[in-house]
Number of protein chains: 2
Amino acid sequence: MALPRSEEKRIALLESAADIMAAQGLGASTASIARGAGVAEGTLFRYFATKDVLYNALYIHLKLDLAAALRQHMAAHDSVEDQVHALWDAYIDWGVSNLSFFKTLNQLVVSDKVTDETRCTVASQLSDIKCVAQACSDNNGLSALPGGFADAVFMALAETTIQFVVRDPANGQAYKSAGFRVFWSGSVR
Amino acid sequence: MALPRSEEKRIALLESAADIMAAQGLGASTASIARGAGVAEGTLFRYFATKDVLYNALYIHLKLDLAAALRQHMAAHDSVEDQVHALWDAYIDWGVSNLSFFKTLNQLVVSDKVTDETRCTVASQLSDIKCVAQACSDNNGLSALPGGFADAVFMALAETTIQFVVRDPANGQAYKSAGFRVFWSGSVR
DNA sequence: AGTCCTGTTGTGAGTACTCACTCATTAATT
DNA sequence: AATTAATGAGTGAGTACTCACAACAGGACT
């Protein structure tokens, strides 16, 4: 072996993809993604055999980045409410300060380019966070509903909240606590 | 004048566009949309000069269809809560029974293909419905927040609820009322 | 009625362009 | 020198959009 394939370039490509897809949608061209990463278009295809492979790698990269941010703020709390609230704040903060990651991730989540296999792989690596979500679900009125509804409501409210915090940062804290109140006092029975 | 340009074909094109875009995204080809409407590709461009014109016409068509559905269920109610609840149910029902309309509309709403002018035009035709939304906003804890947050929360929750009702119709009613409870008891102070 | 005339709609092969992806060549490292 | 990474013009498929022509519906005149 002569040259090692550089992890740096891989990451530069992923972050360029996130930035450009946030602005132009998932249809952003591979040419512009490569240019944004400062490499030739052919190089992109050395790291990701097809664009679909890139989509899936990007989904994993973004989810793990989010998970790392959440874990930093998952100290033990007295009540379930405090714990979920900490998760909420961490999630909103991540979205606001990594806006293009957040936007692109939201597009990938609803895209059929990301395979079920990829989703499963990621989910299994996030089991510790799912744990907290489960504790929350078990303690509120949504637990009676088939799986995932509480999660989905959490995500939907967070997405909306992040949009408003970004659009009007002066009221950021107000949106953040209002959003959490809707989720919490709305779902606790 | 010889042949009147048929309103039927215009509508067939719009509905075909909604169906195909719901499945394939806004990038669906004009060729497939025309085929779905049973006309030649050139015909599409007689009715809509460019694809962007089609996007805007489709946005208007879908919004007005939704508004018509909502108006049918806007009888006067005793309390603001009942009124908003009726609006909620009507919205969920429309989304569930016009799923491709709903999906495509959600894509158009966040797309930059739809001009601000189009959005304004539609908004002015929906002033009566906005009225109820306003009454709701004035009566709950979100009214203190800068405009649109309560609306956005309503829409986000409705979108999530519709997804779950469609995925698991047996529990449809449960999702529907749980979703409303999150919105209402979460936002009333 | 029948037949031309006129103006409009409907058509689909054709055009210019963009895209994801390839591959012969060059650059870099051991 | 040997081996592999990096490059970017090139390829074929697919895109939105065009245009010369065919199909058609009236009105006017035998």
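Every chain is numbered from 1 and lettered A, B, ... according to where its sequence line falls, protein lines coming before strand lines. Just so you know, these numbers use all the heavy atoms, side chains as well, and skip hydrogens, waters and symmetry mates. Predicted model only: the values in this text are computed from it and were never measured.
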Residues that B:Arg167 engages under salt bridge (Lys or Arg N to Asp or Glu O under 4.0 Å), provided they are two or more places apart: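 Testing B:Arg167 for salt bridge (Lys or Arg N to Asp or Glu O under 4.0 Å), a comparison that skips the adjacent residues, returns none.
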Can you tell me the distance, in whole Å, between the [atom1] atom of [X] and the [atom2] atom of [N]?
X	N	atom1	atom2	answer
B:Tyr55	D:dC17	OH	C1'	14 Å
A:Lys51	D:dG14	NZ	P	16 Å
A:Leu26	C:dA20	CG	P	12 Å
B:Leu44	D:dT18	CG	C1'	13 Å
A:Phe48	D:dA6	CZ	P	12 Å
B:Ile33	D:dG14	CD1	P	17 Å
A:Leu13	D:dA6	CG	C1'	12 Å
A:Phe45	D:dA5	CZ	P	17 Å

Selection residues 86-101 of chain A - residue pairs positive for salt bridge (charged side-chain N to carboxylate O under 4.0 Å, His left out), sequence neighbours left out: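 For residues 86-101 of chain A, and leaving out neighbouring residues, the salt bridge (charged side-chain N to carboxylate O under 4.0 Å, His left out) pairs sorted by first residue read A:Asp93-A:Lys176.
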B:Lys51, NZ: over 12 other non-hydrogen atoms inside 6.0 angstrom: yes
Distance below 4.0 Å between B:Tyr47 side-chain N/O and C:dG10 OP1 or OP2: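 Checking C:dG10 against B:Tyr47, a side-chain N or O does come within under 4.0 Å of OP1 or OP2.
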Sugar-phosphate, base or nothing in reach of A:Ala28, heavy atoms under 4.0 Å: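 Sugar-phosphate contact only.
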Might you list the N or O atoms of the protein lying below 3.5 Å from N or O atoms in nucleotides 11-13 of chain C, with each pair's distance?
unit_1: C:dT11; atom_1: OP2; unit_2: B:Ala40; atom_2: N; d: 3.1
unit_1: C:dT11; atom_1: OP2; unit_2: B:Thr43; atom_2: OG1; d: 2.7
unit_1: C:dG12; atom_1: N7; unit_2: B:Gly42; atom_2: N; d: 3.4

Step-by-step side chain to side chain contact (heavy atoms under 4.5 Å, CB included) determination, B:Val84 to B:Phe183: CA-CA 10 Å; B:Val84 176; B:Phe183 176 69; 4.1 Å; yes
Side-chain H-bond candidate by donor/acceptor type, B:Thr118 with B:Thr121, under 3.5 Å: no
Given B:Val166, B:Ile92, B:Ile162, B:Asp168, the one that forms side chain to side chain contact (heavy atoms under 4.5 Å, CB included) with B:Tyr175: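 Among B:Val166, B:Ile92, B:Ile162, B:Asp168, the one meeting side chain to side chain contact (heavy atoms under 4.5 Å, CB included) with B:Tyr175 is B:Asp168.
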